Amino acid sequence: MNNKQQILLKIEQLLNAYNNGLLGGEKMPEHENPGLNIASKENYLFFTLPMALNYQRNSYVLWECANKMYNGSPDVYDCKSVIDMPDNKLRDILVKYKVALQPNKQPEIWKALCTTFMQEFDGDVRIFFKRMNYEVRQIQSYIQQNKKKFPYLGGNKISNYWLYVMEQYTDAAFKDRENITVAPDTHVIQASVRLGVITDEESSLSNVQEIVTARWKELLKETDYVPIDIHTPMWLWSRGKFSFKTINL
């Protein structure tokens with residue numbers, strides 16, 4: 001890793017650029033939502049269920065489709081309704097709105113999550129968080145211990161980004177938000193290379209996600225920053241092909 005102080009200076013420049021709208025000012029994918037009451041059960045489920053299908057696809061398109069589906073078939077965002085719904089009906093709705101691109105696997109993921117939340121938490125993500133004492137460590141530990149009940153939501157990248165989104169778009173307030181790590185997708189990995197947090201060689205390793213997560217946690221220890229706070233600036237910076245030039249790289 002490059003000199004820590006040099007990297008922290010670059011991070012500060014990147015955050016300033018983001019806060020001043022200099023990274024394109026582009027909205028994140030989840031800005032596409034029905035504008036529900038942020039404290040409502042429906043809002044928590046809206047930002048939970050599609051997240052588990054957010055892999056190997058354009059995130060902006062996914063959330064546009066998820067929003068359209070809520071407006072057209074809100075019952076698929078209610079756990080009890082999903083459990084009572086015939087499988088073919090659920091599949092038809094998810095495929096119709098292009099929320100599910102894999103007509104067999106992804107409706108099963110959706111239904112599995114609804115079943116978990118319904119059977120264990122009365123169909124309410126808020127109850128899940130409350131029972132976990134609003135602690136990130138407890139939430140992630142529970143999911144890891146019951147991974148089959150939380151398909152794809154338990155992945156390293158998605159689980160951290162999910163909790164970040166919940167923090168941004170619901171009224172969830174986690175006691176130990178410093179434990180929400182960066183969500184190491186392609187853009188975050190590329191930005192981490194650009195900032196000198198990992199090397200170009202490390203970015204090609206099979207365990208690069210674990211390397212990125214550990215490196216950011218160590219780098220920001222005893223600073224004013226927590227890892228997830230720099231996720232969006234890095235994501236936008238990379239997606240914009242690193243067009244913001246005033247960072248001295």
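On a predicted model such as this, the values are computed, not experimentally measured, just so you know.
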K111 and E108: CA distance, side-chain angles, deciding distance, salt bridge (charged side-chain N to carboxylate O under 4.0 Å, His left out) verdict: CA-CA 5 Å; K111 190 160 192 174; E108 290 178 359; over 6 Å; no
Evaluation steps, side chain to side chain donor-acceptor pair (under 3.5 Å), between Y152 and K105: CA-CA 11 Å; Y152 281 86; K105 182 178 182 179; 2.6 Å; yes
Short side-chain donor-acceptor distance under 3.5 Å, N160 and T181: yes
Audit row: S59, N54, side chain to side chain donor-acceptor pair (under 3.5 Å) steps and yes/no: CA-CA 7 Å; S59 296; N54 191 15; 3.1 Å; yes
Test item: D124 side-chain N/O and R126 main-chain N/O as donor-acceptor pair under 3.5 Å: yes
Aromatic ring pairing F47/Y169, orientation class (parallel under 30°, perpendicular over 60°, tilted between): parallel
Between N3 and Q5: side-chain donor-acceptor atoms closer than 3.5 Å: no
ring-ring contact (aromatic ring centres under 6.0 Å, His included) partners of Y134, counting only residues at least two apart: none
E178 and Y225: side chain donor to acceptor below 3.5 Å: no
Between CG on residue D75 and OH on residue Y70, distance to nearest 0.5 Å: 10.0 Å
Donor-acceptor pair between T186 and Q190 side chains, under 3.5 angstrom: no
Test salt bridge (charged side-chain N to carboxylate O under 4.0 Å, His left out) applied to D229 and R177, step by step: CA-CA 10 Å; D229 288 339; R177 65 184 304 274; 2.8 Å; yes
T170 side chain to E167 backbone, donor-acceptor under 3.5 Å: no
Distance (rounded to the nearest 0.5 Å) between Q138 CD and I143 CD1: 12.0 Å
Ring-face cation of R131 near F121 (centre distance under 6.0 Å, axis angle within 45°): no
Donor + acceptor pair across side chains of S192, W216 (<3.5 Å): yes
CG/D224: more than 12 non-hydrogen atoms of other groups inside 6.0 Å: no
E32 backbone acceptor or donor facing N67 side chain under 3.5 Å: no
Student check: side-chain heavy atoms of T116 and F128 closer than 4.5 Å: no
ring-ring contact (aromatic ring centres under 6.0 Å, His included) partners for F46, two or more places apart: W63, Y77
Flag, side chain of R91 to backbone of P107, donor-acceptor distance under 3.5 Å: no
Parallel, tilted or perpendicular, as decided by the 30° and 60° cut-offs, for the rings of F150 and F117: perpendicular
Salt bridge (charged side-chain N to carboxylate O under 4.0 Å, His left out) assessment of K98 paired with E64: CA-CA 10 Å; K98 296 183 173 60; E64 287 174 5; over 6 Å; no
Backbone N/O of E210 and side chain of N207: donor-acceptor pair under 3.5 Å: no
Side-chain donor-acceptor pair present, Y161, E30, cut-off under 3.5 Å: yes
Side chains of D171 and Y44, donor plus acceptor under 3.5 Å: yes
Donor on one side chain, acceptor on other, N16 and N19, under 3.5 Å: no
Whether E135 side chain and K175 backbone form a donor-acceptor pair below 3.5 Å: no
Shortest non-hydrogen contact from L113 toward A52: CD1-CB, 3.4 Å
Interatomic distance, L219 atom CG to I11 atom CD1 [nearest 0.5 angstrom]: 4.5 Å
Single hit among I109, V99, L101 for side chain to side chain contact (heavy atoms under 4.5 Å, CB included) with L94: V99
Polar side-chain atom of W237 near backbone of T232 as donor-acceptor pair, under 3.5 Å: no
For the student: nearest non-hydrogen atoms of Y60 and M28, plus distance: CE2-C, 3.8 Å
Which atom of H187 lies closest to which atom of S238, heavy atoms considered: ND1-OG, 2.9 Å
R137, CZ: over 12 other non-hydrogen atoms inside 6.0 angstrom: no
Pair K80 + D78, salt bridge at N-O below 4.0 Å: no
Remaining members of the apolar cluster that contains M118, side-chain heavy atoms under 4.5 Å: I83
